Amino acid sequence: MMRFICLALGLLAGIAYSDTLNYAIPSRLEVLDDCEYPASYEIANFTRYTDDVDGSQNSTSFHFLDSKTEIDTCCQQNSTSKNSIEGTNRWPCDNPDVEFIYQTTNIVGLTVIEKVCPETGSSFEASGSSNPVLNCAVSGSGTRCIAQQSLIQGNFSSLEPIPPSS
Ligand SMILES: *[C@@H]1O[C@H](CO)[C@@H](O)[C@H](O)[C@H]1NC(C)=O
Ligand SMILES: *[C@@H]1O[C@H](CO)[C@@H](O)[C@H](O)[C@H]1NC(C)=O
Ligand SMILES: *[C@@H]1O[C@H](CO)[C@@H](O)[C@H](O)[C@H]1NC(C)=O
Ligand SMILES: *[C@@H]1O[C@H](CO)[C@@H](O)[C@H](O)[C@H]1NC(C)=O
């Protein structure tokens, strides 16, 4: 398995981001007036490797930044990763306040999920999706795909209660 090198810390800083919320805040969340709601995010270096012979080599990795809430973290999934919520296909990033789902069937693409103001004990999360266009090349017994856009900008488009862990 090729190790994913992720240097966090402001590598993407300085890029313009949108402050506009693309979702409605439910009135029962009024208590969170001081909260910095997730609005937009950037994804860098989205990479996916799938192996036709040894599926344990499969991996997905990328770099996530939300400059408004100041979360700069690396996200990856491989054979040793544990779902953040059992029985789902949600995977935690290094910062567990961010999770992701990557699917090539059903809702195709990359969904990122960020806890809303976790320091307030809020039980809500914001999510947003994008569908990276991949450039793929055969590599060993598998295929390595890298997003055509080195930087993908996305908006959070929904705010929902965090699903219960079963
Ligand atoms: C993306 O990958 C390149 C090459 O591995 C690396 O130089 C760069 O720092 C990475 N960028 C981020 C934001 O992780
Ligand atoms: C790994 O990827 C291959 C190719 O897409 C797929 O056929 C296989 O089911 C995957 N294995 C695992 C364990 O995810
Ligand atoms: C596999 O993913 C986990 C995160 O789920 C990460 O901590 C670990 O370093 C990864 N392993 C390799 C070999 O990249
Ligand atoms: C994000 O939302 C802003 C404001 O609504 C909009 O101008 C921008 O085009 C959106 N960006 C993407 C990548 O959808």
Side-chain angles (χ1 to χ4, degrees), residues 1-9 12-25 36-69 71-116 125-160 165:
M1 189 184 306
M2 199 178 98
R3 209 169 167 85
F4 167 57
I5 315 283
C6 183
L7 309 162
L9 292 173
L12 313 175
I15 288 159
Y17 61 88
S18 164
D19 248 339
T20 314
L21 296 185
N22 286 281
Y23 53 81
I25 297 169
E36 199 70 80
Y37 289 94
S40 62
Y41 59 88
E42 284 139 46
I43 303 288
N45 284 2
F46 181 88
T47 305
R48 179 166 157 87
Y49 178 75
T50 52
D51 197 294
D52 297 327
V53 177
D54 179 2
S56 73
Q57 302 291 308
N58 293 5
S59 68
T60 302
S61 59
F62 59 94
H63 187 130
F64 171 96
L65 175 77
D66 180 337
S67 25
K68 193 176 167 223
T69 60
I71 296 181
D72 184 340
T73 188
C74 301
C75 305
Q76 62 179 313
Q77 186 237 319
N78 57 50
S79 58
T80 64
S81 303
K82 296 217 167 19
N83 287 123
S84 34
I85 300 183
E86 230 181 292
T88 68
N89 51 359
R90 294 162 65 122
W91 304 98
C93 295
D94 290 353
N95 180 329
D97 288 340
V98 182
E99 298 167 25
F100 71 97
I101 298 170
Y102 182 71
Q103 296 191 139
T104 51
T105 53
N106 297 322
I107 303 166
V108 174
L110 176 67
T111 300
V112 293
I113 304 158
E114 185 179 328
K115 289 195 173 72
V116 174
E125 60 185 22
S127 65
S129 299
S130 52
N131 193 3
V133 179
L134 303 179
N135 280 335
C136 298
V138 171
S139 163
S141 57
T143 307
R144 181 173 303 284
C145 299
I146 299 176
Q148 244 170 40
Q149 285 171 284
S150 56
L151 194 68
I152 298 164
Q153 292 184 274
N155 288 325
F156 290 101
S157 56
S158 103
L159 181 139
E160 298 284 343
S165 35

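Just so you know, ligand 1 is whichever comes first in the structure, and atom 1 is the first atom listed for that ligand. These figures come from a predicted structure and were not determined experimentally.
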Applying a strict 4.0 Å limit to heavy atoms, is Q76 in contact with ligand 3?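 Q76 counts as a contact of ligand 3 under the 4.0 Å cut-off.
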Taking [atom] as the reference point, the nearest protein heavy atom with its distance:
{"atom": "atom 13 (C) of ligand 2", "result": "G55 O, 3.7 Å"}
{"atom": "atom 14 (O) of ligand 2", "result": "N58 ND2, 3.2 Å"}
{"atom": "atom 5 (O) of ligand 2", "result": "T50 CB, 3.7 Å"}

C145 and C136 SG atoms under 2.5 angstrom apart: yes
Check whether S157 reaches the backbone of G128 with its side chain - one donor and one acceptor, N or O, closer than 3.5 Å.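 No: the side chain of S157 does not pair with the backbone of G128.
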Below 3.5 angstrom, do we get any N/O pair linking Q153 and ligand 4?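 In this structure, Q153 places no N or O atom under 3.5 Å from an N or O of ligand 4.
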Side chain or backbone, does T20 bring an N or O within less than 3.5 Å of an N or O on ligand 4?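 Looking only at distances, the answer is no, because the N/O contact criterion of under 3.5 Å is not met.
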Mark whether atom 9 (O) of ligand 2 lies under 4.0 angstrom from at least one protein heavy atom. no
Between N83, T60, T80, N78, flag the one that comes closest to atom 1 (C) of ligand 3 by a heavy atom.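 Shortest heavy-atom distance from atom 1 (C) of ligand 3: N78.
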Are any of the side-chain nitrogens in K68 or E36 under 4.0 Å away from the carboxylate oxygens of its partner?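 So K68 pairs with E36 through a salt bridge.
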Please could you name the atoms of ligand 2 that D51 approaches to less than 4.0 Å, counting only its heavy atoms?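 Within the 4.0 Å cut-off of D51, ligand 2 contributes 1 (C), 2 (O), 3 (C).
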Does the ring centre of Y41 sit less than 6.0 Å away from the ring centre of F156?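 Yes; Y41 has its ring centre under 6.0 Å from that of F156.
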Taking atom types as modelled, find out whether D54 and S56 have a side-chain donor-acceptor pair closer than 3.5 angstrom.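 A pair is found: one side chain offers a donor N or O, the other an acceptor, under 3.5 Å apart.
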If the cut-off is 4.0 Å to any non-hydrogen atom of N22, which atoms of ligand 4 fall inside it?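 What qualifies from ligand 4 is 1 (C), 2 (O), 5 (O).
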4.5 Å side-chain heavy-atom contact, T111 and F100: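 When only atoms from C-beta onward are counted, F100 and T111 do not touch, as no gap falls below 4.5 Å.
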State, yes or no, whether a side-chain contact exists between Q76 and N78 at a heavy-atom distance under 4.5 Å. yes
Would you please classify the geometry between the Y102 ring and the F46 ring as parallel, tilted or perpendicular, with 30° and 60° separating the classes? tilted
Ligand 2 contact on T143 by region, counting heavy-atom pairs under 4.0 Å: neither
